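Quick caveat: nothing in here was measured; it's all calculated off a predicted structure.
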Amino acid sequence: MNNIGLVLLGCGIIGLFFFSRTLVESREEADQAMIWSGDYEKAIENYSRLIRWNSKKPKFYYLRGDAYESNGEYDKAVADYQMALSLGV
């Protein structure tokens with residue numbers, strides 16, 4: 001592969017990384033809005049999807065814990081908060 005091909009490949013990979021990151025950040029903001037609006041079940045469902053996508057990100061557990069807490073599911077909230085702490089919030 002020539003230098004131009006390598007540059008284009010690198011740009012594509014970098015672009016995909018930033019697109020994925022922006023998409024996830026937008027999803028996080030939408031889920032936080034669901035919590036604020038009182039749609040806790042939907043927020044829990046969406047954070048669970050994000051956790052399946054990236055189970056090493058403590059913020060997802062922390063925010064799902066907030067949704068569980070707001071929904072009165074305290075045992076699940078505590079479990080998610082503990083997971084977030086173990087991952088290094």
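Going from atom CG of Asn71 over to atom CG of Asp39 covers 9.5 Å, rounded to the nearest 0.5 Å. Leu63 CG to Tyr68 OH: the interatomic distance, rounded to the nearest 0.5 Å, is 13.0 Å. To the nearest 0.5 angstrom, Lys57 atom NZ is 15.0 Å from Tyr62 atom OH.
When Leu50, Asn46, Ile51 are each tested for a side-chain contact (heavy atoms from CB on, under 4.5 Å) with Arg64, only one passes: Ile51.
Shortest non-hydrogen contact noted between Pro58 and Leu87 is CB-CB, 3.8 Å. Summarising the geometry of Tyr40 relative to Ser70, their closest heavy-atom pair is CE2-CB, 3.2 Å, with the distance given to 0.1 Å. Of all heavy-atom pairs spanning Ile44 and Ala67, the tightest one is CG1-CB, 3.5 Å.
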Could you walk me through whether Phe60 and Ser48 pass side chain to side chain contact (heavy atoms under 4.5 Å, CB included), step by step?
CA-CA 8 Å; Phe60 295 158; Ser48 295; over 6 Å; no
Let's go through Tyr81 and Glu69 carefully: what are the C-alpha distance in whole Å and the side-chain angles of both, what is the deciding distance for side chain to side chain donor-acceptor pair (under 3.5 Å) to 0.1 Å, and is it a yes or a no?
CA-CA 10 Å; Tyr81 292 145; Glu69 182 179 0; 2.7 Å; yes
